[in-house]
Amino acid sequence: MESNVRVRFAPSPTGPLHIGGVRTALYNYLFAKKHKGTFILRIEDTDQTRYVANAEQYIIDALHWCNIPFDEGPQKNEKFGPYKQSERKHLYKKYADILLEKGWAYYAFDTAEQLDAHRKGHEIEGKTFIYNWHNREKGRLVNSLVLSDDEVQQRIHSGDKYVIRFKSPQHETLILEDEIRGTIKIDTNTLDDKILFKSDGMPTYHLANIVDDHLMEISHVIRGEEWLPSFPLHSLLYTAFGWKSPKFAHLPLILKPVGKGKLSKRDGDKLGFPVFPLAYTNEITGDVSRGYKEDGYFSDAFINMLAFLGWNPGTEQEIFLLEELVQEFDLKRVSKSGAKFNPDKTKWFQQQYMQTKSDEELTDLFLPILAEKGITSEKSYVKQVVSSIKERAIFVDDFFGLSSFFFVTPTTYDPKNVKKNWKQETPELMQELVVVIASIEDFSSTNTEKIIKEWISGKEIGFGKVMQPLRLSLVGKLAGPHLFDIIAMIGKKETIHRIENAIKNI
Ligand code: GLU
């Protein structure tokens, strides 16, 4: 089925993509897929002063890791391309001219110093300076609404710096519809005349964004709440051009785990969690920021967590694979109020996803970690190990700590456990146990358990007297999975070797 749904994620490459940005991309992706539409990546790099060279690649890599690929974008199905605004520079002036012609925009020649003086003057009077209807034609501001056409042309030709400003209407009430927030009413008298174009030939964000959304046939603009204040201007721009406006949806902020305000990198640094999907190296300072990928998170767990930051399915279900999110996602269920970020919940999702991964997949992730430690083991053995420990792991990086005794003979023994459980009579008991173990033919977990337990019962001593020292001998501490599973896995020879080692070394 053909769909007219076309949405875009339009980041400015000013640094790494914050998780708020990833969530915007995710909601756009889910919305597009749900409606069999197109998800577009557009790089909004008109503000060259804030441009960061490695940020664009970072954004592309991040979307790739999150498994939310764009259908159209830089170097991909460039049907409406280019998708980088700096490569579309030549395109925007024409549109600024259309607005000038229609009377929806005007030239302004006020210098930065003049504007600064106005601002300061207002401040002294306890007021805020806004460039708009109430002062633009009073003669104190220098623009084409007050200058003669000749003078305007003369200034432009002689190379005077200018900007083109939007002429916000006066005494009107705008009625805006937001897919999440409903109807919003705005008094146009409160709007300022935003700059659309500068004499250096570059459009501002506002003009480029609207022109591109129109040319790229965007049907829905789904973006962060920080763009809500731009909504009236954007809506007016569609009216001014006489274009059909896309639908708008402004997503709630992602809030700090504690206190008020937007989640920042500083919160992550303070409380010990990343706010970026991938680690990022600042090109200038060399500072490295942590990323979820490098911290060991599965991308599907990360995405599931993000999906719930501002949206819920209206049921108790929390675990959703990407395809399920696509099915369930609905802008109507996105909340208006901010979503508090919870680092513990992120871990919880990771833990849940760990249990859904196959032993095969986890083994493939564990093998290189073992190889790095110089441990070579049969894949089938490693797979068994993984299956016995994954329940207690959150990250693949936890595996070795939970399973080292499956691969290496312990050389140290937890002193507290030794003190409590390794008694005077223990070495003798362990010697006898070695004999019992040596005689076991069927070395399966259930059979060794049966025989050893029978032997303990026959001696009429508590199970702990044997089981705790045995665990200490095999694991080095009183931890780990079912003891007889360990015995069966490491085998008879190694079991005996470890008990004898313990007798010698404790
Ligand atoms: N370039 C803007 C940003 O950095 C895009 C805002 C929008 O989606 O309209 O978020």
Side-chain angles (χ1 to χ4, degrees), residues 5-32 37-52 54-60 62-63 68 70 72-74 80 82-89 92 95 166 176 178-181 184 194-196 202-238 241 243 245-254 262-265 275-277 280 306 310 331 334:
V5 168
R6 290 177 56 82
V7 295
R8 84 308 192 266
F9 176 50
S12 300
T14 54
L17 197 56
H18 179 273
I19 52 178
V22 186
R23 192 212 38 193
T24 300
L26 172 65
Y27 284 12
N28 273 282
Y29 171 89
L30 296 176
F31 187 79
T38 307
F39 173 49
I40 296 153
L41 173 67
R42 184 172 72 225
I43 303 293
E44 300 210 321
D45 56 349
T46 51
D47 187 354
Q48 293 293 325
T49 55
R50 295 176 63 223
Y51 184 73
V52 176
N54 63 2
E56 183 182 332
Q57 192 55 46
Y58 179 96
I59 291 164
I60 293 175
L63 296 182
I68 48 173
F70 50 89
E72 287 172 25
F80 291 83
Y83 291 84
K84 245 176 108 157
Q85 289 184 329
S86 57
E87 291 168 10
R88 302 169 66 82
K89 265 201 296 229
Y92 304 108
Y95 292 97
F166 186 68
L176 306 171
D178 185 279
E179 296 296 292
I180 295 167
R181 284 146 214 275
I184 303 167
K194 282 270 185 300
I195 298 172
L196 300 175
M202 282 300 253
T204 59
Y205 152 73
H206 301 292
L207 181 67
N209 184 274
I210 276 12
V211 167
D212 285 349
D213 280 349
H214 173 70
L215 296 179
M216 294 181 181
E217 298 177 8
I218 298 303
S219 62
H220 295 75
V221 170
I222 304 169
R223 62 184 177 188
E225 182 181 293
E226 60 274 33
W227 301 104
L228 197 55
S230 303
F231 187 14
L233 169 64
H234 292 182
S235 171
L236 282 167
L237 278 167
Y238 282 100
F241 281 118
W243 294 338
S245 169
K247 292 200 154 85
F248 282 83
H250 290 89
L251 307 174
L253 289 177
I254 298 182
K262 195 170 151 182
L263 177 71
S264 70
K265 174 163 150 33
V275 297
F276 303 122
Y280 176 77
L306 270 189
L331 281 177
V334 173

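Ligands are counted one by one from 1 in listed order, and the atoms in each one are counted from 1 as well. When reading the values below, keep in mind they use all heavy atoms of this one structure, side chains included, and skip hydrogens, waters and symmetry mates.
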K.L.:
Begin from the C-alpha positions of Arg42 and Asp213 and carry the test side chain to side chain contact (heavy atoms under 4.5 Å, CB included) through to its verdict.
P.N.:
CA-CA 10 Å; Arg42 184 172 72 225; Asp213 280 349; 2.9 Å; yes
K.L.:
What residue and heavy atom of the protein are closest to atom 1 (N) of ligand 1, and at what distance?
P.N.:
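Checking every protein heavy atom, the shortest distance to atom 1 (N) of ligand 1 gives Glu44 OE1, 2.6 Å.
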K.L.:
Give a yes or no on whether the ring-centroid distance for Phe241 and His214 is below 6.0 angstrom.
P.N.:
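No, they do not, as the ring centres are separated by 6.0 Å or more.
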K.L.:
Run the numbers for me: atoms of ligand 1, each under 4.0 Å from some heavy atom of Asn209, listed by number.
P.N.:
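By the 4.0 Å cutoff, the relevant atoms are 7 (C), 9 (O).
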K.L.:
Could you find the nearest protein heavy atom to atom 8 (O) of ligand 1 and give me its residue, atom name and distance?
P.N.:
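Going atom by atom, the protein heavy atom closest to atom 8 (O) of ligand 1 ends up being Arg8 NH1, 2.7 Å.
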K.L.:
For atom 3 (C) of ligand 1, which protein heavy atom lies nearest, and how many Å away is it?
P.N.:
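The answer is Trp227 CZ2, 3.3 Å.
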K.L.:
Look at atom 4 (O) of ligand 1 and say which protein heavy atom is nearest, naming residue and atom and giving the distance to 0.1 Å.
P.N.:
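Closest protein heavy atom to atom 4 (O) of ligand 1: Ser12 OG, 3.1 Å.
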K.L.:
Could you tell me whether the side chains of Glu72 and Tyr83 share a donor-acceptor contact shorter than 3.5 Å?
P.N.:
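The answer is yes; a qualifying pair exists.
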K.L.:
Mind listing the side-chain donor-acceptor pairs of residues 224-233 below 3.5 Å, one per line with the distance, residues two or more places apart or on another chain?
P.N.:
| from | atom 1 | to | atom 2 | distance (Å) |
| --- | --- | --- | --- | --- |
| Glu225 | OE1 | Arg181 | NH2 | 3.2 |

K.L.:
Please confirm whether Arg6 makes a cation-pi placement over Phe80, using NZ or CZ under 6.0 Å from the six-membered ring centre and within 45° of the ring normal.
P.N.:
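Because its charged atom sits under 6.0 Å from the ring centre and within 45° of the axis, Arg6 does stack over Phe80.
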K.L.:
For the aromatic rings, using the six-membered ring if either is Trp, is the centroid distance between Tyr280 and His18 under 6.0 Å?
P.N.:
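Centroid separation for Tyr280 and His18: 6.0 Å or greater.
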K.L.:
Heavy-atom distances under 4.0 Å decide this one: backbone, side chain, both or neither, for Phe9 against ligand 1?
P.N.:
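Under 4.0 Å from ligand 1, Phe9 contributes no heavy atoms.
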K.L.:
Please list the nearest protein heavy atom to atom 5 (C) of ligand 1 with its residue and the distance rounded to 0.1 Å.
P.N.:
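It is Ala10 O, 3.1 Å.
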